[in-house]
Amino acid sequence: MARRNSNGLTDKWQVFADTYLADPELNATKAYKAAYPKSSQRTAEVNAAELLRNTEVAKYIEKAQKARSERTQIDADYVLKRLADIDSMEVGEILRDDMTVKPLAEWPRVWRQSISSIDISESVLKGTESAEETLAVLKKLKWPDKTKILELMGKHVGVSAFSENVKHSGEIEVREIRRTIVETGKTS
C-alpha cells in the first residue's frame, strides 16, 4: 500500500487534488492525467470521478476550498452580489443629460470594475505657441453581457431559475414485491 502524507493522501492523490484545486474549471480528468500521466483519456475520466468520491481526497479538497474562500473572502454570496451589481448597471450612471460621458472619477465603482473594453481616440489640439492640449474622446465602451449575467445568476443552486424541479413524495411498498419474488421466484 502506498504511503500517505499528513493530509492522509498518497503522493499521486495529493498531485491530483492540488491540480484539481488549481484548475479554474475544476477539471478532474485533467487533474488525474497530471497525477497519472500515462493513463488513457477514458481511464482518467473514470478514475478521476472515483478519486473525487474518495473520502480522504474529498475531505482534503473541501477543506482547501473552504480555506481559500475564507482567505479570499469570495463565496457564493459574494459572487451573486457582484453579478447583481453588474446586472443593475445602467448607462445613465456614466452619461450626462447632453449624452457626453462623465469623467472616469465620477463613474460608480461597479462601472470602473466591470467594463470589458474602452476604445478612446486622442486628438492634439493646437493652442498657443507654448502649449498644446490633448483631447481624449470615448469612441466605444463595452459593458458586461447582461444576458450572461442573468444566466449565471439563474444557474445558481439557490435561484434555480432554469431548472425544472420535480418533487416526489410518498412511499413505495417494497415488501409485497419482495415476498412475491421469494414465493414464486419470478419478478413479474
Side-chain angles (χ1 to χ4, degrees), residues 1-91 93-94 104-105 107-120 140-169 172:
M1 181 170 220
R3 291 177 32 109
R4 302 217 180 171
N5 61 23
S6 61
N7 294 318
L9 306 178
T10 67
D11 290 343
K12 292 200 181 266
W13 290 358
Q14 186 75 52
V15 169
F16 167 80
D18 289 340
T19 304
Y20 178 77
L21 288 163
D23 184 354
E25 296 175 8
L26 297 179
N27 187 317
T29 302
K30 279 198 256 178
Y32 189 88
K33 288 188 80 69
Y36 301 89
K38 293 181 182 178
S39 62
S40 71
Q41 181 68 21
R42 179 70 184 134
T43 300
E45 289 169 2
V46 171
N47 291 347
E50 285 181 23
L51 262 183
L52 286 176
R53 289 189 299 270
N54 175 294
T55 306
E56 289 86 4
V57 173
K59 195 167 32 175
Y60 174 79
I61 290 172
E62 182 181 348
K63 184 178 175 184
Q65 286 174 326
K66 184 177 179 186
R68 178 172 49 203
S69 182
E70 289 172 2
R71 197 172 50 252
T72 62
Q73 298 296 302
I74 297 174
D75 58 12
D77 288 342
Y78 171 84
V79 173
L80 280 174
K81 171 83 171 86
R82 287 284 294 131
L83 289 171
D85 288 346
I86 293 167
D87 180 56
S88 68
M89 291 168 55
E90 65 169 82
V91 74
E93 295 173 322
I94 64 167
L104 189 61
W107 290 17
R109 182 179 178 156
V110 68
W111 275 90
R112 295 189 314 266
Q113 290 177 325
S114 304
I115 294 301
S116 300
S117 67
I118 296 176
D119 188 3
I120 297 174
K140 187 176 178 183
L141 178 72
K142 184 174 180 189
W143 65 355
D145 181 345
K146 296 289 196 116
T147 305
K148 182 66 176 176
I149 298 299
L150 287 172
E151 179 184 341
L152 290 170
M153 289 168 51
K155 285 182 177 178
H156 186 273
V157 175
V159 176
S160 301
F162 304 115
S163 65
E164 294 182 24
N165 292 329
V166 179
K167 293 186 178 184
H168 300 278
S169 62
I172 298 174

Just wondering, do Q73 and Y78 contact through their side chains at under 4.5 Å, heavy atoms? no
What are the two closest heavy atoms between T29 and N27, and how far apart are they? N-OD1, 3.0 Å
Which value, rounded to the nearest 0.5 Å, describes the distance between F16 atom CZ and N54 atom CG? 9.0 Å
Any salt bridge between K81 and D85, counting N to O under 4.0 Å? yes
Counting C-beta onward and ignoring hydrogens, is there a side-chain heavy-atom pair between D87 and P144 closer than 4.5 Å? no
Contact between I94 and W143 at the side-chain level, heavy atoms closer than 4.5 Å - yes or no? no
Is the backbone of M89 close enough, under 3.5 Å, to the side chain of K146 for a donor and an acceptor to pair up by distance? yes
Among all residues two or more places apart in sequence or in another chain, which pass the side-chain contact (heavy atoms from CB on, under 4.5 Å) test with D145? T147, K148
dist I115:CD1 -> L104:CG (nearest 0.5 Å) comes out at 9.5 Å
May I ask you to decide whether E62 forms a salt bridge with K66, counting only side-chain N to carboxylate O separations under 4.0 Å? no
Pairwise salt bridge (Lys or Arg N to Asp or Glu O under 4.0 Å) hits with a residue in residues 45-59, at least two apart: R4-E56, R42-E45
May I ask you to test the V46-Y32 pair for a side-chain heavy-atom distance under 4.5 Å? no
How about Q41: does its CD atom have over 12 heavy atoms from other parts shown lying under 6.0 Å from it? yes
Which residues pass the salt bridge (Lys or Arg N to Asp or Glu O under 4.0 Å) test with D11, not counting sequence neighbours? none
Y20 OH to L52 CG distance, which is reported to the nearest 0.5 Å: 5.0 Å
Gap between atom CZ of R82 and atom CG of L152 - 0.5 Å precision: 12.5 Å
As an exercise, state the distance from CG of L150 to CD1 of I86, rounded to the nearest 0.5 Å. 11.0 Å
Student check: side-chain heavy atoms of L21 and Q65 closer than 4.5 Å: yes
For the CZ atom of R68 and the NZ atom of K63, what is their distance to the nearest 0.5 Å? 15.0 Å
